[in-house]
Amino acid sequence: MAWSFDAHLPVSVQLTERIRMDILGGKYPPGTQFPTVRFLAYEASVNPNTMQKALVALEDEGILIPRGTTGRFVTEDLSLLAKKQAELKNAYMRRALTGAKALGISTHEFISFIESEEQ
Amino acid sequence: MNTPVLMCDKLCKSYTAGLPVLNNFSLSLTRGKIVGLLGPNGCGKSTLLKLIAGILVADSGEIKICGHPRSEQTNALISYLPERPYFQPSMRVVELLDYFSDFYADFDRERATRMLTDLGIPQDVRMKTLSKGTKEKVQLVLVMSRRASLYLLDEPIGGVDPAARDYILQTIIGNYDPQATVMITTHLITDIEPVLDDFLFMGHSGQILLAGNADEVRAQHGKSLNELFREVFRC
């Protein structure tokens, strides 16, 4: 099944975001070998060169480590992964909070909603 | 290695004197690209592909395939999907496989068989008993099962259902070869957009109005190729 994309953002940027989320969400544990560009491009139904670009961006962030001809691996730098994870979580919560504020939801209302949802 | 797969230099072609379909059309394509040739009806896309494939002869100008002037020999490097199926209606699918195996040294029969199975097309049926869309699928399977340097696909997804469309696009991606280039014409820009490296917007008489990397366009213009097409070619 092809992945779906927003029409206004570059596909490579959206691929980077999605794969970063997959890695930080635990789909690919630290130190594991990453699937090939060809496989991922096929799975996402995107151009292989676009997928390549997306993975290089994750290499630049240090999340993926290139190892010559053996391919790419998820970094084993746990503190880096934790930092990236915290960034992603904060960004996500901030987005939810901004949306809540725009609707006039008070902090108290928001907190009690979260607590009630958890029960 | 760095020789362009395709080089067109100042191509001119007209069907009626004084009404050029292509006027001084020049283009160079490097290896390892999936290129979308996009433009309104009648702008000369199919004519261009026919000239490259050798179905038509240009009035003037030059075409080079992998550095060699276009000839019967360079046809071996090109896998061309015409707009319409050209097979004898009485031929069976398996006979077409025989035909392609005989005719093209680079034909991968195993691959073709696998694709036909994936698409649920039996091999013992005659072409004339198949629907229009299924005929197109058969033809595309044959064309994509060659190991060519240049694939010319004229509307490969226009006539088939959305599920087959996904399969065909995945086939093009799965078939990706850094040494080969695929040139695709289509009106279904949204479907094909994520698959492309580069795009060309072709206006009347084969004028190239806009060209570039399909993904960078989104970064530059904040809109998809499909939206940009509608803007550039607004009627």
Side-chain angles (χ1 to χ4, degrees), chain A residues 1-23 27-28 33-61 63-64 66-72 87-88 91 95 98-99 102, chain B residues 29-36 114-115 118 144 151 156-157 162-184 188-199 212-231:
Chain A
M1 190 56 212
W3 298 1
S4 53
F5 301 102
D6 183 317
H8 303 276
L9 287 169
V11 173
S12 58
V13 172
Q14 298 180 61
L15 290 172
T16 304
E17 275 175 18
R18 162 137 182 190
I19 297 168
R20 189 198 290 116
M21 187 99 102
D22 281 346
I23 295 172
K27 186 172 171 189
Y28 305 100
Q33 182 159 14
F34 213 63
T36 61
V37 169
R38 187 180 278 272
F39 174 84
L40 287 169
Y42 186 81
E43 198 186 62
S45 273
V46 299
N47 184 287
N49 293 316
T50 309
M51 183 56 82
Q52 168 77 14
K53 206 167 137 189
L55 296 190
V56 167
L58 292 171
E59 276 179 17
D60 292 344
E61 287 183 32
I63 296 179
L64 287 180
R67 259 184 233 161
T69 50
T70 39
R72 293 183 173 82
E87 276 172 22
L88 199 64
R95 251 202 318 274
T98 310
Chain B
L29 297 182
T30 52
R31 287 177 195 270
K33 299 280 183 190
I34 302 174
V35 182
R114 195 172 57 236
M115 287 173 68
D118 285 348
M144 290 311 293
Y151 296 86
I157 55 172
R165 208 172 280 172
D166 288 345
Y167 180 81
I168 288 164
L169 291 176
Q170 283 213 316
T171 302
I172 294 170
I173 296 165
N175 197 39
Y176 177 80
D177 172 358
Q179 290 302 308
T181 281
V182 184
M183 183 144 90
I184 307 172
L188 298 166
I189 303 178
T190 306
D191 284 330
I192 208 145
E193 216 181 312
V195 174
L196 298 179
D197 279 293
D198 297 333
F199 73 96
N213 179 285
D215 208 30
E216 280 164 17
V217 152
R218 292 181 172 216
Q220 280 163 14
H221 298 265
K223 56 185 72 160
S224 67
L225 210 52
N226 190 39
E227 291 168 312
L228 198 63
F229 184 94
R230 286 170 183 222
E231 210 174 277

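All figures in this text were calculated on a predicted structure; none of them were measured in a lab. Throughout, protein chains are lettered first and strands after them, A, B, ... in sequence-line order, and every chain is numbered starting at 1.
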With a 4.5 angstrom heavy-atom cut-off, which part of [X] approaches chain A: side chain, backbone, both or neither?
X        : answer
B:Gln220 : neither
B:Leu196 : backbone
B:Glu216 : side chain

Over all heavy atoms of both residues, which pair between [X] and [Y] is shortest? Give the atoms and the distance, please.
X        : Y        : result
A:Glu43  : B:Gln170 : O-NE2, 4.0 Å
B:Pro194 : A:Ser45  : CB-O, 3.9 Å
A:Pro48  : B:Ile34  : CD-CD1, 4.5 Å

Flag side-chain contact, heavy atom, 4.5 Å: B:Arg218 against A:Gln14 | yes
Side-chain donor-acceptor pair under 3.5 Å between B:Asp215 and A:Thr50, yes or no?
-> no
Return yes if a side-chain donor-acceptor contact under 3.5 Å exists between B:Tyr176 and A:Asn47, otherwise no.
-> no
From CG (B:Asn175) to CZ (A:Arg38), nearest 0.5 Å | 8.0 Å
Is a donor on one side and an acceptor on the other found under 3.5 Å between the side chain of A:His8 and the backbone of B:Lys223?
-> no
Look at B:Val217, B:Leu169, B:Asp197, B:Ile172 and state which one has the largest set of heavy-atom pairs under 4.5 Å with chain A.
-> B:Asp197
